[in-house]
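Here's the structure we're looking at; comments come further down.
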Amino acid sequence: FLAPDTGQAAQYLAGDFNGGVPVAMTRTPEGFVYKAWLRPGAPVLAATAATAGAVQDAPAVSAVIPAAGGNVTLGARQP
């Protein structure tokens with residue numbers, strides 16, 4: 001998963017694939033990243049926020065894990 005870095009100090013992610021538990025994303029030059037092994041083609045729901053406590057109130061995004069693997073970019077239109 002990839003979320004844009006808009007200057008926030010941190011970014012957290014929770015989704016149906018991890019039981020809704022907020023996990024810290026890692027800052028990279030491309031943005032905030034969280035890596036997980038998920039089945040290609042699987043539908044997922046995910047939400048991100050700048051704090052772990054705010055994830056539960058953040059809007060969820062539905063996406064599909066790319067068939068060839070790779071990032072699901074959050075904050076962008078999903079296929």
Side-chain angles (χ1 to χ4, degrees):
F1 294 88
L2 176 66
D5 182 349
T6 58
Q8 67 272 42
Q11 190 74 13
Y12 293 83
L13 168 93
D16 59 353
F17 54 90
N18 76 343
V21 176
V23 292
M25 299 180 81
T26 302
R27 179 181 264 133
T28 69
E30 293 79 33
F32 285 93
V33 174
Y34 179 77
K35 294 185 179 187
W37 291 99
L38 300 171
R39 183 175 47 88
V44 295
L45 289 173
T48 64
T51 66
V55 173
Q56 68 183 6
D57 296 325
V61 174
S62 63
V64 174
I65 302 303
N71 288 326
V72 171
T73 302
L74 303 169
R77 185 176 174 85
Q78 300 299 319

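What you see below is based on every heavy atom in this structure, not just the backbone, and it leaves out hydrogens, waters and symmetry mates.
Under the ring pair (Phe, Tyr, Trp, His ring centres under 6.0 Å) criterion, Tyr34 pairs with no residue, sequence neighbours left out. Listed by chain and residue number, nothing satisfies the side-chain hydrogen bond (donor to acceptor under 3.5 Å, both in side chains) test with Gln56 (two or more places apart in sequence, or in another chain). Annotation: ring pair (Phe, Tyr, Trp, His ring centres under 6.0 Å) contacts of Phe32 (sequence neighbours excluded): none. When the side chain to side chain contact (heavy atoms under 4.5 Å, CB included) test is applied to Ala54, the partners found at least two apart in sequence or on another chain are Ala49, Thr51. Annotation: side-chain hydrogen bond (donor to acceptor under 3.5 Å, both in side chains) contacts of Asp5 (sequence neighbours excluded): Arg27.
Here the side chains of Phe17 and Phe1 are in contact, with some heavy-atom distance below 4.5 Å. Residues Val44 and Val64 fail the side-chain proximity criterion, which asks for heavy atoms closer than 4.5 Å. Looking at Leu13 and Pro22, their side chains never come closer than 4.5 Å, going by heavy atoms from C-beta outward.
Legend: salt bridge (charged side-chain N to carboxylate O under 4.0 Å, His left out) pairs involving residues 28-56, not counting sequence neighbours: none detected. Residue pairs meeting the salt bridge (charged side-chain N to carboxylate O under 4.0 Å, His left out) criterion with at least one partner in residues 56-74, sequence neighbours excluded, do not occur; the list is empty. Residue pairs meeting the side chain to side chain donor-acceptor pair (under 3.5 Å) criterion with at least one member in residues 14-24: none, sequence neighbours excluded.
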Show the numbers, then the answer: is there a side chain to side chain contact (heavy atoms under 4.5 Å, CB included) between Val72 and Leu2? CA-CA 6 Å; Val72 171; Leu2 176 66; over 6 Å; no
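Hydrophobic clustering of Ile, Leu, Val, Met, Phe, Trp and Tyr side chains at less than 4.5 Å, counting indirect connections, unites Ile65 with Val23.
Through direct or indirect side-chain contacts shorter than 4.5 Å among Ile, Leu, Val, Met, Phe, Trp and Tyr, Tyr12 is connected to Val55.
Under the side chain to side chain contact (heavy atoms under 4.5 Å, CB included) rule, Gln11 has a single partner from Leu74, Thr6, Thr48, which is Thr48.
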